[in-house]
S.K.: 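Got a structure for you, questions after.
All values reported here derive from a predicted model rather than from experimental measurement.
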Amino acid sequence: MKKKIYITTAIDYVNSTPHIGTAYEKIGADALARFYKLDGHDVRLQMGNDEHSTNVRKAAEAKGLDPQKYCDEMEIKFKSAWDKLGIDYDDFVRTTNPTHKAGVQKLFQTLFDKGDVYKGTYKGWYCDGCEAYYLDKDLVDGVCPHHKSKPKWVEQVNYFFKLSKYQDWLKNHIQTIPEFILPVIRKNEIMKVVEGGLIDVSVSREGESWGVPVPFDPTHSVYVWFDALINYITGIGYGTDAKKFKTWWDDARVVHVIGKDITRFHCVIWPCMLHAAGIKVPDSIFGHGFVYTRGERMSKTLGNVVDPLDVVNQFGPDPLRYYLLRTSSFGSDGDFTWDAFIERYNSDLANGIGNLVARTVGMLHQYCNGEIPENHGPRDILRSDPIGEIVRIPSVVRRSLDCSMNDDILFHVALQIIWDGIAKLDQFITEKKPWRLAKEGNQESVRDVLHEVCEGIFKIAIMISPFMPATAEKIWSQMGFDTIIKLKDTRISDAENAHHHIIQPVRVKEAAVIFPRIEKPKEEPKPKEPKKDKKMEQSNAATTTTDGLISIDDFAKIELRVAEITSAEKVEGADKLLKLQVSLGDSTRQIVAGIAKHYDPATLVGKKIVVVANLKPAKLRGVESQGMLLAASDDTGLCLVDPGSISVGGKVK
């Protein structure tokens, strides 16, 4: 059934330009919105800039600019970045917009009239970087948990919102609406905050001219966080367009996509503000993980950011979109390194979808005069038809992106199943060997095989379009599918129906490389090591044998790598054994492990583990195992070694 779905992202401070951490959120929300549109729903995606900030004013002053002019210039930079990343937003809110100001003042006045906003004195810690107030218990070793700097002590007269009044209501709402806060780890964090007791919060600042004036007291401006949160409703008409607001708030499923560091504002203060004003609260608030760089959170303050445009300018938007969404679930932390990015690019994009399209187009020109042949119906040659498996992909993707079923948004699982379909098409070509059929003069079979592959590519291109829209368009154009139907007019039903769409010859374009391989610079040759003394080696070997220790040279021979489990099943006739298919980023392999009594196979898919990657294959119960996973055990049970945020394929050193 068609639904209205309203998706928002957090609005960004404009005191600095976007980095990969902020891009991750927008890419994820955009992929989700595009998927829901592809699935036939009416979707609205809203983004924007948070401009009423002391840090923004300071950044403008440092450049010698009026804050408004500075914000106008930053809007251009942010929109340019999102456009280059292929973000298809429907509205871009700015907190300096007159419509936003009107909505903020309306909500502030409403809460004041109800007696939920009052004047008082604030004493406590304040972090300039977060522009947020903290209690002693919120600090880590006396410093801000996010910026790692000591906050300052402030005392000032402010207006306060009676947050404490709504503690019991919020606790009950969180407990009775499972999908309200996702994933469950965020819900548990917020429940601890609520159960620890809520106190009234400051919602204004005195003497700050850069902001929305309090409607009944112009000596105060609305506190930046209170102001910023209201963008989710002012952008759809609150305070200015009642009909639009009803359509996209009251009558729609509302989903906020935010970073896990701002859940306290969005999952505690924001719903209480809305409830107090008699406005429905969001249906779901999803707190996504961070993108790290070599294990450390990316932030401008810490000086370890990667500019997404550096990646886009070299490789286009889709490789970055693919890498960030493929590396981990959206609720988990990811990691960006150039080495891991290049490995994923070459293995999945250049050697995967890029190679499939290139070799197919090449064979069509060589054997079929540059045309996709029409369908002749089922033949013996198609007994291993991959379409039957490909049409099952949409249902798996749909389940993977339904956070109410998974407690997470599993972009990585969705992309894995799509890439499994790509591998099936490649395997189908290899098995049927159209080049050999052509040499044997079996032209009709050649045409049938290539038609089947093209039907598979047709469906695959539809399914990757939410995640890699530019790539899907390139494939669509190169394969000539745009003469059948425009990609923007397709729906998931076109990918999940087994019937053939190519019912008459379709001319393809000349083969063009979609993803040229990235060649890493060759390493400088290492200097030759001096010859070892054989007697010394024998002496060391003898020592190793007698005391049970191994040398560092022996340990260096062991290759430990991070892998991701893509499928798991029990080994028939073996109670303790599971057969796992794992991805190492640049390759896949099968591992048999004795963990069946400790893990349900269904819970392992998508889990990252550490494996010994250079063991000789061995057979367990007749099933080949091409490696070994690492686990720890004692009398209480067994636990797989967790590599944390390290990317798939990364080496354990």
S.K.: How close do Y36 and L401 get, counting heavy atoms only, and between which atoms?
M.R.: OH-O, 3.8 Å
S.K.: When the ring centroid of F290 is compared with that of Y24, is the distance short of 6.0 Å?
M.R.: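 No.
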S.K.: Just verifying a value: how many Å separate E431 CD and D426 CG, rounded to the nearest 0.5 Å?
M.R.: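 The CD atom of E431 sits 11.0 Å away from the CG atom of D426.
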S.K.: Look up atom OG in S465 and atom CD1 in I475, then write down how far apart they are to the nearest 0.5 Å.
M.R.: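 CD1 of I475 is found 10.0 Å from OG of S465.
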S.K.: May I ask you to decide if P516's main-chain N or O and Y345's side chain share a donor-acceptor pair within less than 3.5 Å?
M.R.: yes
S.K.: Please tell me if the side chains of I462 and L38 come closer than 4.5 Å, counting only heavy atoms from C-beta onward.
M.R.: yes
S.K.: Only one of L32, I20, T9, L324 clears side chain to side chain contact (heavy atoms under 4.5 Å, CB included) with I27; which?
M.R.: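 Only match with I27 under side chain to side chain contact (heavy atoms under 4.5 Å, CB included): L324.
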S.K.: Within the 4.5 Å heavy-atom criterion, are I372 and L364 side-chain neighbours or not?
M.R.: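 A side-chain contact under 4.5 Å exists here.
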S.K.: How long is the straight-line distance from CD of Q366 back to CG of L450, given to the nearest 0.5 Å?
M.R.: 10.0 Å
S.K.: A side-chain contact here means heavy atoms from C-beta on lying under 4.5 Å apart; do M479 and I457 qualify?
M.R.: yes
S.K.: Does the ring centre of F336 sit less than 6.0 Å away from the ring centre of Y292?
M.R.: no
S.K.: Atom NZ of K608 and atom OG1 of T327: how far apart are they, to the nearest 0.5 Å?
M.R.: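 The OG1 atom of T327 is 7.5 Å from NZ of K608, to the nearest 0.5 Å.
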S.K.: Could you report the tightest heavy-atom contact between S445 and L437, atom names first, then the distance?
M.R.: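 In terms of heavy atoms, the two residues are closest at CB-CD1, 4.0 Å.
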S.K.: Answer yes or no: does atom NZ of K433 have more than 12 heavy-atom neighbours from other residues, nucleotides or ligands under 6.0 Å?
M.R.: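 Enclosed.
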S.K.: Give a yes or no on whether Q443 atom CD has more than 12 heavy-atom contacts from other residues, nucleotides or ligands under 6.0 Å away.
M.R.: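 More than 12 within 6.0 Å, yes.
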S.K.: With a 4.5 Å cut-off on side-chain heavy atoms, are L85 and K26 touching?
M.R.: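 Contact flag for K26/L85 side chains = no.
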S.K.: May I ask you to check whether over 12 heavy atoms, not counting those of K79, lie within 6.0 Å of atom NZ?
M.R.: yes
S.K.: Within the supplied structure, the quantity of interest is the number of heavy atoms (other residues, nucleotides, ligands) at a distance under 6.0 Å from K37 NZ; does it exceed 12?
M.R.: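 Yes, NZ of K37 has more than 12 neighbouring heavy atoms, counting only those of other groups under 6.0 Å.
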S.K.: With the side chain counted from C-beta on, respond yes when P469 and R34 share a heavy-atom pair under 4.5 Å apart, and no when they do not.
M.R.: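 Yes, their side chains come closer than 4.5 Å.
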S.K.: Under the salt bridge (charged side-chain N to carboxylate O under 4.0 Å, His left out) rule, what do D39 and R398 come out as? Steps first, then yes or no, please.
M.R.: CA-CA 9 Å; D39 209 14; R398 193 180 282 114; 3.0 Å; yes
S.K.: When you measure from the side chain of D318 to the backbone N and O of A470, does any donor-acceptor pair fall under 3.5 Å?
M.R.: yes
S.K.: Which heavy atom in P319 sits nearest to a heavy atom in F515, and how many Å separate them?
M.R.: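 Here P319 and F515 meet closest at CG-CE2, 3.8 Å.
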S.K.: Below 4.5 Å, heavy atoms only, C-beta onward: do V453 and F428 meet side chain to side chain?
M.R.: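 A side-chain contact under 4.5 Å exists here.
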S.K.: Under 3.5 Å, is there a donor on one side chain and an acceptor on the other for Q416 and R326?
M.R.: yes
S.K.: When you measure from the side chain of E455 to the backbone of I502, do you find a donor-acceptor pair of N or O atoms at a distance under 3.5 Å?
M.R.: yes
S.K.: After noting the C-alpha distance and the side-chain angles of I393 and K459, does the key distance pass the side-chain contact (heavy atoms from CB on, under 4.5 Å) rule?
M.R.: CA-CA 9 Å; I393 290 175; K459 300 176 192 305; over 6 Å; no
S.K.: For the residue pair M468 and L349, establish whether any side-chain heavy-atom pair is separated by less than 4.5 Å.
M.R.: yes
S.K.: If you look at every heavy atom in M628 and I591, which pair is closest and at what distance?
M.R.: N-CD1, 4.1 Å
S.K.: Is the gap between the ring centers of F286 and F330 under 6.0 Å?
M.R.: yes
S.K.: Yes or no on side-chain contact (heavy atoms from CB on, under 4.5 Å) for V652 and V641, after CA distance, side-chain angles and deciding distance?
M.R.: CA-CA 11 Å; V652 179; V641 173; over 6 Å; no
S.K.: Checking side-chain contact (heavy atoms from CB on, under 4.5 Å) for the pair I514/V357: CA distance, chi angles, key distance, verdict?
M.R.: CA-CA 8 Å; I514 299 175; V357 173; 4.0 Å; yes
S.K.: Minimum heavy-atom separation for V446 and A438, please, with both atom names.
M.R.: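 Scanning both residues completely, I find the closest heavy atoms to be CG2-N, 3.5 Å.
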S.K.: Could you check D30 against D88 for side-chain contact (heavy atoms from CB on, under 4.5 Å), going step by step and ending with a plain yes or no?
M.R.: CA-CA 6 Å; D30 177 70; D88 185 24; 3.7 Å; yes
S.K.: Closer than 3.5 angstrom, by distance alone: can the side chain of H41 be matched with the main-chain N or O of V43 as a donor-acceptor pair?
M.R.: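 No, because the side chain of H41 does not come within donor-acceptor range (under 3.5 Å) of the backbone of V43.
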S.K.: What is the distance from atom CD1 of I609 to atom NZ of K607, rounded to the nearest 0.5 Å?
M.R.: 9.0 Å
S.K.: Just checking, is any N or O donor in the side chain of S284 or R253 under 3.5 Å from an acceptor N or O on the other one?
M.R.: yes
S.K.: Between E374 and R447, does any side-chain N to carboxylate O distance fall below 4.0 Å?
M.R.: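 Here E374 pairs with R447 in a salt bridge, since their nearest N and O are under 4.0 Å apart.
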S.K.: Donor-acceptor pair, distance only, cut-off 3.5 Å: does the side chain of T360 make one with the backbone of L356?
M.R.: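 Yes, the answer is positive, given that a donor and an acceptor are paired below the 3.5 Å cut-off.
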S.K.: Working to the nearest 0.5 Å, report the span between CD1 of I418 and CD1 of I390.
M.R.: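 Taking CD1 in I418 and CD1 in I390, the distance rounds to 11.0 Å.
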S.K.: So, T22 side chain and H19 main chain: donor-acceptor pair closer than 3.5 Å or not?
M.R.: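 Checking the backbone N and O of H19 against the side chain of T22, a donor-acceptor pair under 3.5 Å is found.
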S.K.: Is it true that F458 and W476 have ring centroids separated by less than 6.0 Å?
M.R.: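 Yes, ring centres under 6.0 Å apart.
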S.K.: For W419 and Y322, I'd like to know if the aromatic rings sit close, meaning centre-to-centre distance below 6.0 Å.
M.R.: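 Between Y322 and W419, which both carry aromatic rings, the centre distance is below 6.0 Å.
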S.K.: For L410, is there any backbone N or O sitting under 3.5 Å from a side-chain donor or acceptor partner on D408?
M.R.: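 Not a single qualifying donor-acceptor pair exists.
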S.K.: Might you point out which heavy atoms bring H501 and I484 nearest each other, and give the distance in Å?
M.R.: O-CG2, 4.0 Å
S.K.: Main chain of N369, side chain of R507: is a donor-acceptor contact present, judged purely on distance under 3.5 Å?
M.R.: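 Checked: pair present.
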S.K.: Okay, side chain of R589, backbone of A613: is any donor-acceptor separation there less than 3.5 Å?
M.R.: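 Yes: the side chain of R589 pairs with the backbone of A613.
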S.K.: Do S625 and L615 come within less than 4.5 Å of each other through their side chains, counting heavy atoms only?
M.R.: no
S.K.: Look at D90 together with R44 and state whether they make a salt bridge at an N to O cut-off of under 4.0 Å.
M.R.: no
S.K.: For the pair D348 and R344, find out whether any cationic side-chain nitrogen is under 4.0 Å from an anionic carboxylate oxygen.
M.R.: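 Salt bridge: yes.
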S.K.: Pairing donors with acceptors under 3.5 angstrom, does anything connect the side chains of D310 and Q314?
M.R.: no
S.K.: Got a donor-acceptor contact below 3.5 angstrom from the R321 side chain to the F467 backbone?
M.R.: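 Such a contact is found between R321 side chain and F467 backbone.
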